[in-house]
Undergrad: 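The structure under discussion is supplied below as structure tokens; questions concerning it will follow.
Atoms within a ligand are numbered from 1 in the order they appear, just like the ligands themselves.
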Amino acid sequence: MSGEDPPRSFADSGRGLAHEAKEVLRNNDMGGWTKAAPNLYPHQWSWDSALIAIGLARLDPRRAARELETLFDRQWKTGKVPHIVFNEDAPADSYFPGADHWYCTADSPDAPPASPYTSCLVQPPVHAIAARHIWEVAREENGGSTNESRAFLGRIYPKLLGWHRYLLTYRDREEMGLVTIYHPWESGMDNSPRWDGALGRVEVGDMPDFERRDLQHVDDPSERPTDFEYKRYIWLVESMKRAVCDEDAIYEAQQFQVKDVLASGILVAANEALLEIAEILEAPDEDRELMRAWTHRGREGLERCWHEDLGLYLDYDVLAGELLQARTVAGFLAPLVAGGLEPARLKALVTRLQSAEFLGHPDLYRPLPPSTSPDDPGFMRRSYWRGPFWPVITWLLWWSLERAGEKELADRLRQTALAQISEHGFGEYFDPFTGESLGAEDQSWTAAVALEWLAEEPYPEQKAS
Ligand code: 2M8
């Protein structure tokens with residue numbers, strides 16, 4: 001969104017935020033799946049879809065279930081859920097790297113045999129949490145019969161189990177309980193300073209020239225990753241293509257191999273959600289034992305990422321054998337989303353989150369979590385995951401704090417995030433010092449989390465109308 005655009009005030013539009021959020025989702029709806037954003041992201045993204053399904057559940061649990069099932073239709077034989085399913089109708093020049101660039105997936109015996117094609121990367125595993133949420137909402141609100149939602153759980157359960165098994169085998173060969181990512185895009189927080197150390201060590205080899213397309217959709221290139229970062233992103237894709245997306249070959253050659261603390265924390269929560277689904281379905285005991293063991297292994301792994309001096313959980317560079325130091329929101333979100341924390345650790349994290357380095361920073365427009373602490377050397381206020389705040393991350397933090405019993409802080413975040421969206425719209429991310437909307441407009445997951453928040457409890461705007 002242009003810095004010159006006046007903020008759209010949905011609170012004043014008289015139609016209400018929930019109505020506007022529904023409209024964003026309706027406009028981005030492609031039938032069985034939802035575009036992440038109208039122009040910048042014309043395909044189906046994995047963790048966007050899971051979070052979109054969480055919001056859609058409030059509108060139509062059946063459609064929400066379909067969102068997940070469409071994604072899982074493109075699951076690989078290994079259990080991998082691809083980070084993008086390409087929209088065959090999107091103009092070829094709308095997004096790079098698109099389906100034509102990922103031709104190796106068509107050659108891989110592990111990939112789904114026919115189009116629509118997919119990437120061979122992954123994204124954080126929020127899906128089981130979304131599936132359980134759809135079930136819960138359908139049951140509470142009676143928007144779908146219990147039999148129908150149980151049938152959905154029955155269909156999705158083996159696929160979710162295969163997905164988690166993939167992450168805990170192929171992506172945790174070291175059995176540390178932590179998920180290895182092979183590309184910063186797999187974290188979902190693409191150019192976060194979390195990856196600076198590991199990405200800086202990547203040596204770019206010979207590869208064909210490429211043309212970035214993302215810059216066409218934003219007015220200010222500083223809102224997107226730099227060319228230095230992009231070149232490495234495309235090189236890392238290139239090396240996976242040369243490995244024909246084969247898991248063993250990637251593991252042997254990939255120059256970027258990092259234990260992603262947030263994906264690992266989300267996987268713990270997702271394993272707990274899957275265990276609940278297994279219980280509803282009365283799945284075999286051995287499945288449930290496996291999920292309990294995975295949850296335990298995940299929490300143990302996360303504990304190794306705790307950095308006492310920074311008071312945060314950090315990612316681990318497998319190839320360099322070191323923790324990657326950066327003060328980002330992932331350092332709180334990973335342990336909070338995983339849950340099961342000792343009370344003293346929970347208190348320390350909540351205090352740190354509210355400190356002047358994060359929510360209490362004096363320059364913040366609103367006390368919402370910046371993706372990177374303004375005091376971190378990697379902080380850039382307008383650049384993508386290096387500083388702006390993201391409603392979807394605030395939503396995950398809110399969800400985690402609620403579960404941890406930190407209801408007051410959670411509700412403050414919810415109210416503040418809704419006030420922000422109400423003032424500036426459903427942007428992809430926001431400048432933490434001015435509140436300005438940046439990146440894509442009408443981002444689906446921003447609308448989805450707003451809907452889910454609004455369904456929780458009335459918001460002042462709703463009370464007034
Ligand atoms: C962003 O990532 C894509 C690459 O996957 C991009 O920059 O082109 C990230 O914010 C990611 O987390 C998100 O899933 C995706 C679509 O919203 O956009």
Undergrad: Under 3.5 Å between some N or O of ligand 1 and some N or O of Q443?
TA: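 Between Q443 and ligand 1, an N or O pair is found under 3.5 Å apart.
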Undergrad: Measure the distance from atom 10 (O) of ligand 1 to every protein heavy atom, then report the residue, atom name and distance (to 0.1 Å) of the closest one.
TA: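 The answer is W385 NE1, 3.2 Å.
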Undergrad: Can you report which non-hydrogen protein atom sits closest to atom 11 (C) of ligand 1, along with the distance?
TA: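 Minimum-distance protein heavy atom for atom 11 (C) of ligand 1 reads G188 O, 3.5 Å.
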Undergrad: With respect to atom 7 (O) of ligand 1, which of Y95, W185, Y429, Y384 exhibits the smallest heavy-atom separation?
TA: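 Considering heavy atoms of Y95, W185, Y429, Y384, the nearest to atom 7 (O) of ligand 1 sits in Y384.
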Undergrad: Is there a nitrogen or oxygen of H83 sitting under 3.5 Å from a nitrogen or oxygen of ligand 1?
TA: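 Yes, there is a polar N/O contact under 3.5 Å.
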Undergrad: Without swapping roles, check the side chain of Q254 against the backbone of Y182 for a donor-acceptor pair under 3.5 Å.
TA: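 Yes; at least one donor-acceptor contact below 3.5 Å.
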Undergrad: Under 4.0 Å from a heavy atom of Q123: which atoms of ligand 1 are those, numbered in the order shown and with their elements?
TA: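 Result: 11 (C), 12 (O), 13 (C), 14 (O).
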Undergrad: Classify the angle between the aromatic ring planes of Y170 and Y166 as parallel (below 30°), tilted (30 to 60°) or perpendicular (above 60°).
TA: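 The rings of Y170 and Y166 sit tilted, inter-plane angle from 30° to 60°.
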Undergrad: Checking contacts here: is it the side chain or the backbone of W390 that comes within 4.0 Å of ligand 1, counting heavy atoms only? Could be both or neither.
TA: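 Near ligand 1, W390 shows its side chain, while the N, CA, C and O stay back.
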Undergrad: For ligand 1, which atoms have a heavy atom of R224 less than 4.0 angstrom away?
TA: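 By the 4.0 Å cutoff, the relevant atoms are 6 (C), 7 (O), 8 (O).
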Undergrad: Report yes if some N/O of W47 lies less than 3.5 Å from some N/O of ligand 1; otherwise report no.
TA: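 Yes, there is a polar N/O contact under 3.5 Å.
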Undergrad: Please check if the distance between the ring centroids of Y233 and H183 is under 6.0 Å.
TA: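 They qualify: ring centres under 6.0 Å apart.
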Undergrad: Report yes or no: does Q123 contribute a side-chain atom to a donor-acceptor pair with the main-chain N or O of W45 at less than 3.5 Å?
TA: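 No, the answer is negative, given that no donor and acceptor are paired below the 3.5 Å cut-off.
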Undergrad: I'd like to know if the side chain of T34 and the backbone of M30 have a donor-acceptor N/O pair within less than 3.5 Å.
TA: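 Pair absent, no side-chain N/O of T34 close to backbone of M30.
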Undergrad: My understanding is that we take every heavy atom of each candidate and find the minimum distance to atom 3 (C) of ligand 1. Doing that for D214, D190, D48, which one comes out nearest?
TA: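 Considering heavy atoms of D214, D190, D48, the nearest to atom 3 (C) of ligand 1 sits in D190.
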Undergrad: Centre of F96's six-membered ring, under 6.0 Å away, within 45 degrees of the axis: is that where NZ or CZ of R212 sits?
TA: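 The answer is no; the distance or angle limit is not met.
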Undergrad: Contact between E436 and R381 at the side-chain level, heavy atoms closer than 4.5 Å - yes or no?
TA: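 Sidechains of R381 and E436: no contact.
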